[in-house]
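Here the structure comes first, spelled out in structure tokens, and everything after it is commentary.
This is a predicted model, so every value here is computed, not measured.
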Amino acid sequence: MGEEISMKYVLEKLREKGKEMGTDDWMIFVLDKLKEWLVVLQNFGGSLIAKVDEAFPPETRAEQLKHWLQVAKDDWMIFVLDKLKEWLVVLQNFGGSLIAKVDEAFPPETRAEQLKHWLQVAKDEWMIFVLDKLKECFFWYTNDFLTKKKKFEEWLVALQNFGGSLIAKVDESFPPETRAEQLKHWFPFIIAGVVLVIFFGCCRRCCGGRRAVKMMKAPGRGHRMPRSAFEGNPKSYFRGLLGKPTD
């Protein structure tokens, strides 16, 4: 936030300076400032290099760098080992407190009996859990069976009602007291209808359902023949052709 304010302040000052000066004077002013900044940067870089040369003379720089790297490496290893020791101490304390809690909850003199007791309790609880799940499954299957049974009974009732209404329609169309005479009257028409249905079914199956037979010119003869008869056994066809005169 402070850097943004300072940059805005600098830019505003530059704009004000540019308004006061002409374009050429303002460009000369900016270039002079850049030159001054570069000189300062160059002096800073030179002093920094001088400080480096003073701290690490060129003739002994390699040995000094190796020495300080080794020191940093040793310090880092010491730091890591100290942290590992601290962590192991914490872990050891935690393990000791955990063992103390176990000894407190299960004293060594009664540990075997207590473990047997809690194992029996866990076994009983597990058996109760399994039995509850089995009961749930049984109730679910029972309810499903009862639902299907109810649906089946409803379907039977609907079928019974349909059969009853159908019988009522038959009794209405053919009253019992005149049924025999009516059946005698309608019997020839019923027979004729059945015959027509069978006839049309046969025609449809024989004519409409039959595939068109592919024909071909009979080899060595002047008529056409079914292609399937020739392709089924061409050897037998030519054998018969040699024994018969050409049509």
Side-chain angles (χ1 to χ4, degrees), residues 1-17 30 33-154:
M1 188 68 180
E3 293 178 358
E4 292 180 1
I5 294 172
S6 61
M7 286 297 294
K8 287 180 180 178
Y9 175 77
V10 171
L11 290 174
E12 287 176 1
K13 289 296 180 182
L14 286 173
R15 290 194 191 98
E16 291 175 1
K17 197 73 175 174
V30 172
K33 290 296 179 183
L34 285 173
K35 287 177 182 178
E36 291 176 4
W37 183 78
L38 288 173
V39 169
V40 171
L41 187 62
Q42 185 177 4
N43 294 334
F44 173 76
S47 62
L48 182 63
I49 292 170
K51 289 290 182 183
V52 170
D53 289 337
E54 182 181 348
F56 301 97
E59 57 274 7
T60 60
R61 186 172 295 166
E63 292 76 9
Q64 283 182 308
L65 288 174
K66 287 180 181 178
H67 168 71
W68 288 110
L69 287 173
Q70 185 64 38
V71 170
K73 180 181 177 183
D74 295 340
D75 291 340
W76 182 80
M77 289 298 295
I78 292 168
F79 171 78
V80 171
L81 290 174
D82 289 339
K83 290 297 178 183
L84 283 174
K85 287 178 183 177
E86 292 176 5
W87 184 77
L88 288 173
V89 169
V90 172
L91 187 62
Q92 185 178 2
N93 294 335
F94 173 75
S97 61
L98 183 62
I99 292 171
K101 289 290 183 183
V102 170
D103 289 336
E104 182 181 348
F106 300 96
E109 58 274 5
T110 60
R111 186 171 295 168
E113 291 77 9
Q114 283 182 306
L115 288 175
K116 286 181 182 178
H117 168 70
W118 288 111
L119 286 173
Q120 186 63 39
V121 170
K123 180 180 176 182
D124 295 340
E125 293 291 336
W126 183 79
M127 288 298 294
I128 291 169
F129 173 78
V130 171
L131 290 174
D132 289 338
K133 290 298 178 182
L134 287 174
K135 286 178 183 178
E136 290 177 8
C137 293
F138 175 75
F139 286 137
W140 184 82
Y141 282 114
T142 303
N143 293 333
D144 184 62
F145 174 75
L146 292 175
T147 303
K148 290 181 179 179
K149 181 182 177 183
K150 186 177 179 180
K151 293 289 183 183
F152 183 69
E153 289 175 352
E154 291 176 358

Practice problem: Please list, chain by chain and in numerical order, all residues satisfying side-chain hydrogen bond (donor to acceptor under 3.5 Å, both in side chains) with Q70, sequence neighbours excluded. | Solution: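 Partners of Q70 under the side-chain hydrogen bond (donor to acceptor under 3.5 Å, both in side chains) test: D74.
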
Applying side-chain contact (heavy atoms from CB on, under 4.5 Å) to V130 and not counting sequence neighbours gives W126, L134

Q | side-chain contact (heavy atoms from CB on, under 4.5 Å) partners of E125, counting only residues at least two apart | A |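 Per chain and number, E125 pairs via side-chain contact (heavy atoms from CB on, under 4.5 Å) with V121.
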
The complete set of salt bridge (charged side-chain N to carboxylate O under 4.0 Å, His left out) pairs with one or both residues in residues 39-57, sequence neighbours excluded, reads D53-R61

Quick note, side chain to side chain donor-acceptor pair (under 3.5 Å) partners involving residues 82-98, not counting sequence neighbours, are none

Audit row: K151, K148, side-chain contact (heavy atoms from CB on, under 4.5 Å) steps and yes/no: CA-CA 5 Å; K151 293 289 183 183; K148 290 181 179 179; 5.5 Å; no

Drop me the distance from [X]'s [atom1] to [Y]'s [atom2], to the nearest 0.5 angstrom.
| X | Y | atom1 | atom2 | result |
| --- | --- | --- | --- | --- |
| K135 | I128 | NZ | CD1 | 9.5 Å |
| L146 | E153 | CG | CD | 9.5 Å |
| L41 | L34 | CG | CG | 11.5 Å |

